[in-house]
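Structure, as structure tokens:
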Amino acid sequence: MRALITLLAALAVTGCSDSELRQMSDNELAGKYADCLDNRPTAPGKATACENMRRECERRREELGSFLCRTY
């Protein structure tokens with residue numbers, strides 16, 4: 001039961017984050033993702049949010065042809 005609740009919570013965070021990330025400005029996304037790279041979060045929710053930001057950076061790179069987020 002606990003695993004199911006955890007899975008549902010992760011899916012909810014992922015679903016909300018994608019739409020919010022698409023509305024985020026390039027500068028805001030780049031700054032928040034840079035924070036992820038600098039702090040390397042270990043909390044599952046924050047790590048998932050950082051992974052979502054990485055994917056959004058990749059999506060924008062493919063659409064715009066330039067990578068606006070740091071990679072290190």
Side-chain angles (χ1 to χ4, degrees):
M1 182 67 166
R2 187 173 197 186
L4 178 62
I5 292 171
T6 303
L7 177 63
L8 291 174
L11 289 173
V13 168
T14 302
C16 294
S17 295
D18 287 346
S19 64
E20 290 174 11
L21 290 174
R22 286 182 179 259
Q23 296 174 7
M24 200 178 285
S25 72
D26 290 347
N27 287 336
E28 185 179 4
L29 176 63
K32 287 186 179 208
Y33 186 62
D35 185 53
C36 287
L37 293 173
D38 292 341
N39 296 314
R40 299 183 185 193
T42 57
K46 183 67 175 170
T48 299
C50 288
E51 177 59 18
N52 290 341
M53 284 185 252
R54 185 196 64 75
R55 279 190 253 143
E56 179 63 15
C57 288
E58 284 289 328
R59 185 191 70 77
R60 291 185 189 192
R61 181 187 61 81
E62 290 174 9
E63 285 183 4
L64 302 173
S66 63
F67 199 70
L68 58 104
C69 300
R70 281 182 21 206
T71 57
Y72 56 91

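A quick note: this is a predicted structure, and the numbers were derived from the prediction, not measured. The figures that follow rest on heavy atoms only: side chains count, while hydrogens, waters and symmetry mates do not.
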| task | May I have the step-by-step check of side chain to side chain contact (heavy atoms under 4.5 Å, CB included) for Glu56 and Met24, ending in yes or no? | result | CA-CA 10 Å; Glu56 179 63 15; Met24 200 178 285; over 6 Å; no
Supply the atom-to-atom distance [X] [atom1] to [Y] [atom2], rounded to the nearest 0.5 angstrom.
{"X": "Leu37", "Y": "Thr71", "atom1": "CG", "atom2": "OG1", "result": "8.0 Å"}
{"X": "Arg54", "Y": "Tyr33", "atom1": "CZ", "atom2": "OH", "result": "6.0 Å"}
{"X": "Asn52", "Y": "Lys32", "atom1": "CG", "atom2": "NZ", "result": "12.5 Å"}
{"X": "Met53", "Y": "Cys57", "atom1": "CE", "atom2": "SG", "result": "8.5 Å"}
{"X": "Arg59", "Y": "Leu64", "atom1": "CZ", "atom2": "CG", "result": "8.0 Å"}

| message | Looking at every heavy atom in both Cys36 and Pro41, which two are closest together, and how far apart are they? | response |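 Minimum heavy-atom separation between Cys36 and Pro41: O-CD, 3.6 Å.
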| task | Identify the heavy atoms of Leu68 and Ala30 that sit nearest to each other, and give their distance. | result |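 Looks like O-CB, 3.6 Å.
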| task | Salt-bridge test for Arg61 and Glu58: reply yes if a basic N is under 4.0 Å from a carboxylate O, no otherwise. | result |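 A salt bridge is present here (some side-chain N lies under 4.0 Å from a carboxylate O).
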| message | Leu21 vs Arg60, test: side chain to side chain contact (heavy atoms under 4.5 Å, CB included). Steps then yes/no. | response | CA-CA 11 Å; Leu21 290 174; Arg60 291 185 189 192; 5.5 Å; no
